Amino acid sequence: MTDRISLRGLRARGRHGVLAAERELGQEFIVDVTLLLDTSPAAAGDDLTKTVHYGELAEDLVKVVEGEPVDLIETLAQRLAEVCLAREPVEAAEVSVHKPAAPIPLPFDDVVVTITRSRS
């Protein structure tokens, strides 16, 4: 059995993108993560240490978004997935990175890259 913990709409300002203006000015990125894990040990003992502390996870994800710039949001998504998978007892993570202010000269709502990664 695999359970899910989701964190949706986490916002942080980053300087990711291939254009110089994106690196200089930065923009808001929105992150959604879904963690796959077994929550029954935590529930059985009402024990936070046997699950994922989503407040701490959110802080670590924001550090990545605010940290070292990358050209591609695919790369950013991979880095965020690695942060998720570093936590026990996470078995897999789905990460979506939204770039609603992407430099596209046409009307659009959002650009989203979604990846799924699991422990090897």
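All residue numbers refer to positions in the sequence shown, counting from 1. Every value quoted in this text rests on a predicted model; they were computed, and no experiment measured them.
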#### Entry: Test item: Arg11 side-chain N/O and Gly9 main-chain N/O as donor-acceptor pair under 3.5 Å
yes
#### Entry: Glu94 side, atom CD; Cys84 side, atom SG - distance, nearest 0.5 Å
11.0 Å
### Task
Check the side chains of Ser96 and Asp32 for a donor-acceptor pair under 3.5 angstrom, ignoring hydrogens and angles.
no
### Task
Could you tell me which non-hydrogen atom of Ala81 sits nearest to which non-hydrogen atom of Arg117, and how far apart they are?
CB-CG, 3.9 Å
### Message
Assess whether a salt bridge exists between Arg23 and Asp71, defined as any Lys/Arg side-chain N lying under 4.0 Å from an Asp/Glu carboxylate O.
### Response
yes
### Message
I want to check something: taking the side chain as every heavy atom from C-beta on, are Leu37 and Val52 in contact at a cut-off of under 4.5 Å?
### Response
yes
### Query
If we only count heavy atoms from C-beta on, is the Pro103 to Glu22 side-chain gap below 4.5 Å?
yes
### Query
Once you round to the nearest 0.5 Å, how far does CG of Leu10 lie from CD of Glu59?
10.0 Å
### Task
For the pair Glu56 (side chain) and His53 (backbone), establish whether a donor and an acceptor sit closer than 3.5 Å, ignoring hydrogens and angles.
no
#### Entry: Glu74 side chain to Gln78 side chain, donor-acceptor N/O pair below 3.5 angstrom
no
### Query
Can you tell if the side chain of Glu68 reaches within under 4.5 Å of the side chain of His16, non-hydrogen atoms only?
no
### Task
Could you pull out the closest heavy-atom pair between Ala93 and Leu85, with the gap in Å?
N-CD2, 4.1 Å
### Task
Treating Ile, Leu, Val, Met, Phe, Trp and Tyr as nodes and any side-chain heavy-atom pair under 4.5 angstrom as an edge, say whether Val33 and Leu36 lie in one connected cluster.
no
### Task
Give, for atom CG of Leu35 and atom CD of Glu91, the distance between the pair rounded to the nearest 0.5 Å.
10.5 Å
### Query
Is there a side-chain contact between Ile5 and Thr51, using heavy atoms and a 4.5 Å cut-off?
yes
### Message
I'd like to know if the side chain of Arg119 and the backbone of Val90 have a donor-acceptor N/O pair within less than 3.5 Å.
### Response
yes
### 4.5 Å side-chain heavy-atom contact, Arg87 and Asp60
yes
### Message
Could you check whether any side-chain heavy atom of Lys99 comes within less than 4.5 Å of a side-chain heavy atom of Gln27, counting everything from C-beta outward?
### Response
yes
### ILVMFWY network linking Leu76 to Ile104, side-chain heavy atoms under 4.5 angstrom
yes
### Message
Quick check: closest heavy atoms across Ala77 and Val95, and the distance to 0.1 Å?
### Response
O-CG1, 4.0 Å
### Query
Nearest heavy-atom pair of Val70 and Leu72: which atoms, and what distance?
CG2-O, 3.3 Å
### Task
Flag the pair Val111 / Ile73 as yes when at least one side-chain heavy-atom distance between them is below 4.5 Å, and no otherwise.
yes
### Message
For Asp46, I'd like to know if atom CG has over 12 heavy atoms of other residues, nucleotides or ligands within 6.0 Å.
### Response
no
### Message
Between Val65 and Leu80, is there a side-chain heavy-atom distance shorter than 4.5 Å?
### Response
yes
### Task
Might you work through the side chain to side chain contact (heavy atoms under 4.5 Å, CB included) test for Val64 and Leu61, ending with a clear yes or no?
CA-CA 5 Å; Val64 172; Leu61 294 171; 5.7 Å; no
### Summary
Output for pair (Leu57 CG, Leu7 CG), nearest 0.5 Å, gives 6.0 Å
#### Entry: Closest approach of Lys50 to Pro41 (non-hydrogen atoms, all atoms of both residues)
CD-O, 3.9 Å
### Summary
Value for CG (Asp38) from CG (Asp3), rounded to nearest 0.5 Å, stands at 5.5 Å
### Query
Is it true that the side chains of Thr34 and Arg8 contain a donor and an acceptor less than 3.5 Å apart?
yes
### Message
Would you compute the distance between atom CG of Leu19 and atom CD of Glu24 and round it to the nearest 0.5 angstrom?
### Response
10.5 Å
### Message
Is the distance from the ring center of Phe29 to that of His98 below 6.0 Å?
### Response
no
### Task
Establish whether Phe108 and Val113 are linked, either directly or via other cluster members, by ILVMFWY side-chain heavy-atom contacts under 4.5 Å.
yes
